[in-house]
Amino acid sequence: MAESGVRKMILPARYVQGQGVLNQLGAFVKQHGERPYVVGGRTSFSKVKARVQASLLAANVPMAGYDDTVSECTHAKINEIVQNIEDLDIDVIVACGGGKAVDTGKAVSEKLHVPCITVPTQCATNADGMADAVIFTEDHKFVEDMYLTRPPALVLVDTEVVGRAPPQFIVQGMGDALACAFEKPAYAATQKAKKASDQATTAAIEVNMKCFATLMAHGVQAKKDVDSGKVTEAVEAVIEAIKLQSGFGFGGGGCAAAHAVHNGLTTVPGIARKHGEIVAFGTLVQMVLEKRPMGEIERVMRWCKALGLPTRFQDLGKLDRGSMFGAAEKACDPNDTMSNMPFLVTPKMVLEAMEEVDRLSGSMA
Ligand SMILES: [Zn+2]
């Protein structure tokens with residue numbers, strides 16, 4: 001193997017973001033096919049159904065059908081949709097909704113060997129731009145991360161739609177995106193030290209750092225604007241940070257301690273927060289593990305507090321504190337992404353770092 005390894009980068013082929021761009025859906029679909037099929041969730045698709053249909057019709061590529069029954073991205077649901085539409089000559093999939101609907105649509109397009117256009121309806125996830133589908137069981141137990149051979153042909157982000165979704169979504173999206181500026185460099189350093197075959201690209205790390213700078217500069221303002229129903233420059237900047245920048249360079253790896261801590265904490269009875277919110281807490285834990293300067297940790301912690309992201313145990317729910325060491329052990333599972341940290345992390349270190357975050361936050365209140 002070459003000394004310098006192989007640099008990999010996977011990006012969506014096209015990214016379009018702005019107010020009202022959903023009206024261009026039909027024109028974009030036409031570039032890829034004539035018989036679009038829409039995969040969505042019931043609530044999410046109902047919000048945009050009329051505009052999706054109108055845009056497709058105006059471009060002379062009417063919807064060949066739709067399935068809006070996705071409530072979880074499961075193998076069964078993916079196979080069911082594929083079977084239902086096998087004889088419809090579908091040549092492009094439009095995946096419309098939150099993470100589960102979008103992941104389901106991408107997986108369906110993979111099985112049909114047709115392109116996928118993703119149309120997010122909220123901002124809690126960057127799944128729309130990724131070349132994977134996270135598969136769960138019917139009762140939301142993680143099954144596997146299914147890697148796709150093709151990334152989406154287009155991510156169409158209408159900020160009128162995404163920016164007017166309930167405000168908690170953009171906060172969750174920011175919490176998840178926060179991690180990328182810490183996890184990607186940790187992953188890159190680890191791969192470099194291991195002389196591993198997969199290396200991160202400099203481009204991915206640079207864009208992830210830009211994502212962090214955008215979140216710090218505009219995140220709090222964006223939340224205020226979304227709260228008052230306004231789609232401003234700050235909202236646009238943050239939506240790009242979440243939807244494009246945080247996922248930049250997928251395929252060059254990425255997750256490290258922040259997501260591993262999330263995975264551990266989800267095993268604790270009483271946890272009552274969403275993915276991105278727990279990842280934000282995990283990011284603070286990673287910063288402590290890395291012994292970052294106190295000023296840097298406090299800055300991120302203040303930002304989290306201003307957004308209502310959890311910084312204390314009590315913020316995460318009525319946690320069963322007796323389960324915390326088990327969570328720390330889970331976070332250090334050799335199959336989890338803690339192994340992407342450039343130094344050995346033990347469960348004891350994770351537990352102490354979580355307690356340190358809780359203590360620091362308490363002292364700042
Ligand atoms: Zn995440």
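Since the structure is predicted, the reported quantities are computational estimates derived from the model, not experimental observations.
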Inset, instruction - Please assess Val48 against Thr121 for the test side-chain contact (heavy atoms from CB on, under 4.5 Å), listing each intermediate value before the final yes or no. - result: CA-CA 8 Å; Val48 291; Thr121 53; 4.2 Å; yes
Look only at the side chain of [X] and the backbone of [Y], and say whether a donor-acceptor pair between them is shorter than 3.5 Å.
{"X": "Gln191", "Y": "Asp198", "result": "yes"}
{"X": "Arg273", "Y": "Asp315", "result": "yes"}
{"X": "Lys106", "Y": "Ala127", "result": "yes"}
{"X": "Gln122", "Y": "Ala124", "result": "yes"}

Inset, instruction - Might you confirm whether atom NZ of Lys194 has over 12 heavy atoms from other residues, nucleotides or ligands at distances under 6.0 Å? - result: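 Yes - once you tally the heavy atoms of other residues, nucleotides and ligands closer than 6.0 Å, there are more than 12.
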Inset, instruction - Count the heavy atoms of every other residue, nucleotide or ligand shown that sit under 6.0 Å from CZ of Arg292, and state whether that count exceeds 12. - result: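 Atom CZ in Arg292 is packed in, count exceeds 12.
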Would you call [X] and [Y] a salt bridge, using N to O less than 4.0 angstrom?
{"X": "Lys100", "Y": "Asp103", "result": "no"}
{"X": "Lys77", "Y": "Glu80", "result": "yes"}
{"X": "Arg359", "Y": "Glu356", "result": "yes"}
{"X": "Asp158", "Y": "Arg51", "result": "yes"}

Do [X] and [Y] come close enough that some side-chain heavy atom pair is under 4.5 Å?
{"X": "Thr137", "Y": "Glu72", "result": "no"}
{"X": "Leu25", "Y": "Val52", "result": "yes"}
{"X": "Thr125", "Y": "Ile242", "result": "no"}
{"X": "Leu265", "Y": "Leu316", "result": "yes"}
{"X": "Pro269", "Y": "Ser323", "result": "yes"}
{"X": "Ile117", "Y": "Ile93", "result": "no"}
{"X": "Val134", "Y": "Met146", "result": "no"}
{"X": "Val231", "Y": "Val162", "result": "no"}

Legend entry - Chi angles and distances behind the side-chain contact (heavy atoms from CB on, under 4.5 Å) call for Leu178, Val279: CA-CA 8 Å; Leu178 174 69; Val279 170; over 6 Å; no
Rounded to the nearest 0.5 Å, what's the gap from [atom1] on [X] to [atom2] on [Y]? Could you check?
{"X": "Asp145", "Y": "Asp132", "atom1": "CG", "atom2": "CG", "result": "4.0 Å"}
{"X": "Phe28", "Y": "Arg14", "atom1": "CZ", "atom2": "CZ", "result": "5.0 Å"}
{"X": "Leu307", "Y": "Gln168", "atom1": "CG", "atom2": "CD", "result": "13.5 Å"}
{"X": "Asn340", "Y": "Cys255", "atom1": "CG", "atom2": "SG", "result": "8.0 Å"}
{"X": "Ser55", "Y": "Lys30", "atom1": "OG", "atom2": "NZ", "result": "11.0 Å"}
{"X": "Thr104", "Y": "His75", "atom1": "OG1", "atom2": "NE2", "result": "11.0 Å"}

Can you name the salt bridge (Lys or Arg N to Asp or Glu O under 4.0 Å) partners of [X], sequence neighbours left out?
{"X": "Glu183", "answer": "none"}
{"X": "Asp176", "answer": "none"}
{"X": "Arg312", "answer": "Asp358"}

Inset, instruction - Evaluate the criterion side-chain hydrogen bond (donor to acceptor under 3.5 Å, both in side chains) for residue pair Thr232 and Asp225; output intermediate values, then yes/no. - result: CA-CA 7 Å; Thr232 58; Asp225 294 342; 2.5 Å; yes
Taking only residues two or more places apart in sequence or in another chain, which ones pass side chain to side chain contact (heavy atoms under 4.5 Å, CB included) with [X]?
{"X": "Asp333", "result": "Asn335, Asp336"}
{"X": "Ser246", "result": "Asn126, Ala177, Cys180, Cys211"}
{"X": "Ala222", "result": "Ala234, Val235, Val238"}

Below 3.5 Å, can you tabulate the donor-acceptor pairs from side chains in residues 341-349 to any protein atom, sequence neighbours excluded?
{"unit_1": "Thr346", "atom_1": "OG1", "unit_2": "Met349", "atom_2": "N", "d": "3.2"}
{"unit_1": "Lys348", "atom_1": "NZ", "unit_2": "Glu352", "atom_2": "OE2", "d": "3.0"}

Could you list the donor-acceptor pairs under 3.5 angstrom formed between side-chain atoms of residues 33-43 and any protein atom two or more places apart in sequence or on another chain?
{"unit_1": "Arg35", "atom_1": "NE", "unit_2": "Leu88", "atom_2": "O", "d": "2.8"}
{"unit_1": "Arg35", "atom_1": "NH2", "unit_2": "Leu88", "atom_2": "O", "d": "3.0"}
{"unit_1": "Tyr37", "atom_1": "OH", "unit_2": "Tyr66", "atom_2": "O", "d": "3.4"}

Inset, instruction - Look at the rings of Phe136 and His140 and say which category their plane angle falls in: under 30° parallel, 30 to 60° tilted, over 60° perpendicular. - result: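 Correct class here is parallel.
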Checking [X] now: which residues fulfil side-chain hydrogen bond (donor to acceptor under 3.5 Å, both in side chains) with it, not counting sequence neighbours?
{"X": "Thr337", "answer": "none"}
{"X": "Lys305", "answer": "Ser361"}
{"X": "Glu110", "answer": "Thr149"}
{"X": "Ser228", "answer": "none"}

List the atom of [X], the atom of [Y], and the distance in Å for their closest heavy-atom pair.
{"X": "Val350", "Y": "Ala331", "value": "CG1-CB, 4.4 Å"}
{"X": "Thr118", "Y": "Asp128", "value": "OG1-O, 2.9 Å"}
{"X": "Gln286", "Y": "Ala258", "value": "OE1-N, 3.0 Å"}
{"X": "Gly5", "Y": "Gln199", "value": "CA-CG, 4.0 Å"}
{"X": "Met301", "Y": "Val357", "value": "CE-O, 3.4 Å"}
{"X": "Ala131", "Y": "Ile10", "value": "CB-CG2, 3.9 Å"}

Distance only, no hydrogens: is a donor on one side chain within 3.5 Å (strictly under) of an acceptor on the other, for [X] and [Y]?
{"X": "Gln19", "Y": "Thr159", "value": "no"}
{"X": "Gln172", "Y": "His275", "value": "no"}
{"X": "His218", "Y": "Glu233", "value": "no"}
{"X": "Glu240", "Y": "Gln245", "value": "yes"}

Legend entry - In one Ile/Leu/Val/Met/Phe/Trp/Tyr side-chain cluster, 4.5 Å: Trp303, Val285: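 Both belong to a single hydrophobic cluster.
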Inset, instruction - Go through the steps for Phe248 and Glu206 under the test side-chain contact (heavy atoms from CB on, under 4.5 Å), then give the verdict. - result: CA-CA 9 Å; Phe248 209 86; Glu206 287 296 317; over 6 Å; no
